[in-house]
Amino acid sequence: MTLVAGAISLMDNYQQSAMYYTENHRNTKIALVSSGLGNVERGFEVSCARWFHALKNHTDFDVHLLAGGKYPDAVTVPNIKRNSLLLKKLSELPILPEKMRWELTYGVEQISFLPGLLGELAKINPDVVWVKDVPLAHFIMAAAHLPNYHYKVIFANGGIFNPQNYKCFDHIQQLNFGGYGVALEAGIPGSKMDLIPNCLDAEELWEQCRDTSVRQKYGIAQDDYMIVCCAAWNRYHKRIDYLIEEVAKLNDPKIKLVLCGVEESDTPYLKALGEKLLQDRVIWLTLPVEQVPSVVAAANLFVLPSLDEGLGNVLIEAAIIGTPIICHPHSGAKFIIEDPQWMCDISANGSLASRIVQMRENPPSINSIDTLRHRVYEKFSDRHLVQDFSRMIEKTLTPPTRKGAVIH
């Protein structure tokens, strides 16, 4: 791997040219809202925290973070957490499909989060509220019409949502061309949208890759072929069952599968499947977000088995870290990665197993890994995207008269 050398070179090149958006915005108040932040670490929650830090570090906006759990510099809003013991029984109801069970507990979290959130918004009196969670966003939008609430709502389309579910918001942040195009076809005007993907602090990400003891810590030998996947442990979207079954098809004791994620309603089934098919060759890790990059850096291969993604933060991270990738060519992957070398149709049984064999026998070149790293860094570094985000705030508060969106 060329992680350290490539990262240092890239930092040197871009730190000199990094621009900070430092015009005077001290009177503009922004509230970033996430009911799950501090409790779970999905892409929704991680991206919310990253935008908070980017705006706080690189702009003069008066920015506030409102979270459902404890998180540094955030206001904690009381709620019934989706992963609480109180909701655990709901998530285990066998009469409901797994996705519906998850949506039910997630919905309770957002509804219970709302009363405290409205109290905090009344104190802050923000100009703009930014949110990714769809039901919560609708509640916030409705509250904007109440006395003493005078804010605009920016909805960040981080999922694969029907445009009819979000066309009502004051402004929409699309994360990739796919979502933007679908919204246009549905009649949402370009002037109401900006195409701005999730951001990350690449320098911080590289610093988090310093732990070189990962393999030893989890019993993975240096000559083992380590595959890592960072995703929620579910079947209906992330297809963790498919990943386990495809690795098992290879029947190779030197291949180890590391699953970094959090539990969901169907996790017990998945763990039983892993025990049956892979025994001790599968490792389940729920880690603080800052420890995950070192696990990705230690791997020979990163796999994301989902067939559709609004974006896919983990693909951005794996690319910048420099770990070879296999993912399906969905709209999120095409926007992030672009190069088909790293994408493969993994919808059919056996297709992922076959691709893993190919990658193991013919590892990608150092040059191709570095090319991917540079391209993804340029597109997703917070030092670049924060300027676009700032312009989106201004546009939301002062809607343009011209037609068409600003596509960055």
For the residue pair Tyr166 and His138, is the inter-centroid distance of their aromatic rings smaller than 6.0 Å? no
Run the salt bridge (charged side-chain N to carboxylate O under 4.0 Å, His left out) test on Glu207 and Arg210 for me, step by step, so that the C-alpha distance in whole Å, both residues' side-chain angles and the decisive distance to 0.1 Å come before the verdict. CA-CA 6 Å; Glu207 285 298 320; Arg210 300 295 184 183; 3.3 Å; yes
Is the shortest distance from a Lys or Arg side-chain nitrogen in Asp223 or Lys254 to a carboxylate oxygen in the other one below 4.0 Å? yes
Taken to the nearest 0.5 Å, the spacing of Ile140 CD1 from Phe169 CZ works out to 8.5 Å
Rounded at 0.5 Å granularity, tell me how far SG in Cys48 sits from NE2 in His53. 9.5 Å
Lys/Arg-Asp/Glu bridge criterion (N-O < 4.0 Å) met for Glu309, Lys334: no
Quick test of your reading of the model: are Lys81 and Glu45 salt-bridged, counting only N-O distances below 4.0 Å? no
What are the two closest non-hydrogen atoms of Tyr149 and Gly119, and how far apart are they? OH-N, 4.4 Å
Is Arg355 paired with Glu246 through a side-chain N to carboxylate O contact shorter than 4.0 Å? no
Hey, is Glu120 close enough to Lys123 for a salt bridge, meaning N to O under 4.0 Å? yes
Which of parallel (below 30°), tilted (30 to 60°) and perpendicular (above 60°) describes His330 and His328? tilted
Is the shortest distance from a Lys or Arg side-chain nitrogen in Lys217 or Asp211 to a carboxylate oxygen in the other one below 4.0 Å? yes
Exercise: do Ser365 and Asn367 side chains pair donor with acceptor under 3.5 Å: no
